[in-house]
Amino acid sequence: KAGVTQTPRYLIKTRGQQVTLSCSPISGHRSVSWYQQTPGQGLQFLFEYFSETQRNKGNFPGRFSGRQFSNSRSEMNVSTLELGDSALYLCASGPPETNIQYFGAGTRLSVL
Amino acid sequence: KQEVTQIPAALSVPEGENLVLNCSFTDSAIYNLQWFRQDPGKGLTSLLLIQSSQREQTSGRLNASLDKSSGRSTLYIAASQPGDSATYLCAVLGSARQLTFGSGTQLTVLP
């Protein structure tokens, strides 16, 4: 079974641009969560989607948004990029009705 | 608000030594606790998951314990090897269905 797949693996953008990151969960998993990792703040929860609905949201500004498609694939969008958005963005998926999360390799975003 | 603390922040040991990493959390209402390993620039590798009803889990040279009432977990690594060098992260899954992570322990095992 393929693991959680995140694309692209690396991304370079400039301030003010927007970016879309993609996450394909493990087959059969309907829950997808996103996390941001920075040296200063560590790993922080962004949001969780389940069956195309945002079920939970962390404490991030509205520039961070996401969605989930009917095939459980999820995208995360960051608009009006700031230097502080440079981070490793991790996606995790979980099987139905369990509390286990499996992580992808992440997308490293650099904002110049 | 759940807070997770890991001590020590960094640890350097000679190869072959047994070691213990500590994790504490403030809210005992958790579903589970997970220990992850992260190599530089990489994603997270799950090492052990302990459900809230369990006391410990073992995998090879790794043993993790959970004392939910006191808000503590330990990760025991036996006979450490240079390949164990990495950052070890503890995370708890709470009622809000989000993982709250500690800041990690950076482990270096010297040959």
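Each chain gets a letter, A, B and so on, in the order the sequences are listed, and its residues count up from 1.
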Inset, instruction - Could you look at A:L43 and say if it's the side chain, the backbone, both or neither that has a heavy atom under 4.5 Å from chain B? - result: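 Both parts, backbone and side chain.
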Inset, instruction - Check each atom of A:Q37 against the heavy atoms of chain B and say whether the ones under 4.5 Å are side chain, backbone, both or neither. - result: side chain
Legend entry - Same apolar cluster: B:V13 and B:Y88, side chain cutoff 4.5 Å: yes
Inset, instruction - Name the region of B:L44, side chain, backbone, both or neither, that has any atom closer than 4.5 Å to a heavy atom of chain A. - result: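 Contact with chain A: backbone and side chain both.
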Inset, instruction - May I ask you to check whether A:F47 and A:Y49 place their ring centres under 6.0 Å from each other? - result: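 Between A:F47 and A:Y49, which both carry aromatic rings, the centre distance is below 6.0 Å.
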Inset, instruction - Name, in order of residue number, those residues of residues 71-86 of chain A that have a heavy atom at a distance of less than 4.5 Å from a heavy atom in chain B; otherwise write 'none'. - result: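 The residues closer than 4.5 Å to chain B amount to none at all.
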Legend entry - Minimal non-hydrogen separation, A:V32 against A:C23, with atom names: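 Smallest heavy-atom distance, with atoms named: CG1-SG, 4.0 Å.
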Inset, instruction - Give a yes-or-no answer on whether the side chains of A:T14 and A:Q17 include a donor-acceptor pair shorter than 3.5 Å. - result: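 The criterion, which ignores hydrogens and geometry beyond distance, is satisfied for A:Q17 and A:T14.
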Legend entry - A:Y35 and A:E48: side chain donor to acceptor below 3.5 Å: no
Legend entry - Top of B:Q38, B:K42, B:Q51 for chain A proximity - count of heavy-atom pairs under 4.5 angstrom: B:Q38
Mind listing the side-chain donor-acceptor pairs of residues 98-111 of chain B below 3.5 Å, one per line with the distance, residues two or more places apart or on another chain?
{"from": "B:Q98", "atom 1": "OE1", "to": "A:N56", "atom 2": "ND2", "distance (Å)": "3.4"}
{"from": "B:T105", "atom 1": "OG1", "to": "B:P8", "atom 2": "O", "distance (Å)": "2.5"}

Legend entry - Ring-face cation of A:R108 near A:Y10 (centre distance under 6.0 Å, axis angle within 45°): no
Legend entry - B:L33 side chain near B:F25 side chain, heavy-atom distance below 4.5 Å: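 Result yes, sub-4.5 Å side-chain heavy-atom pair found.
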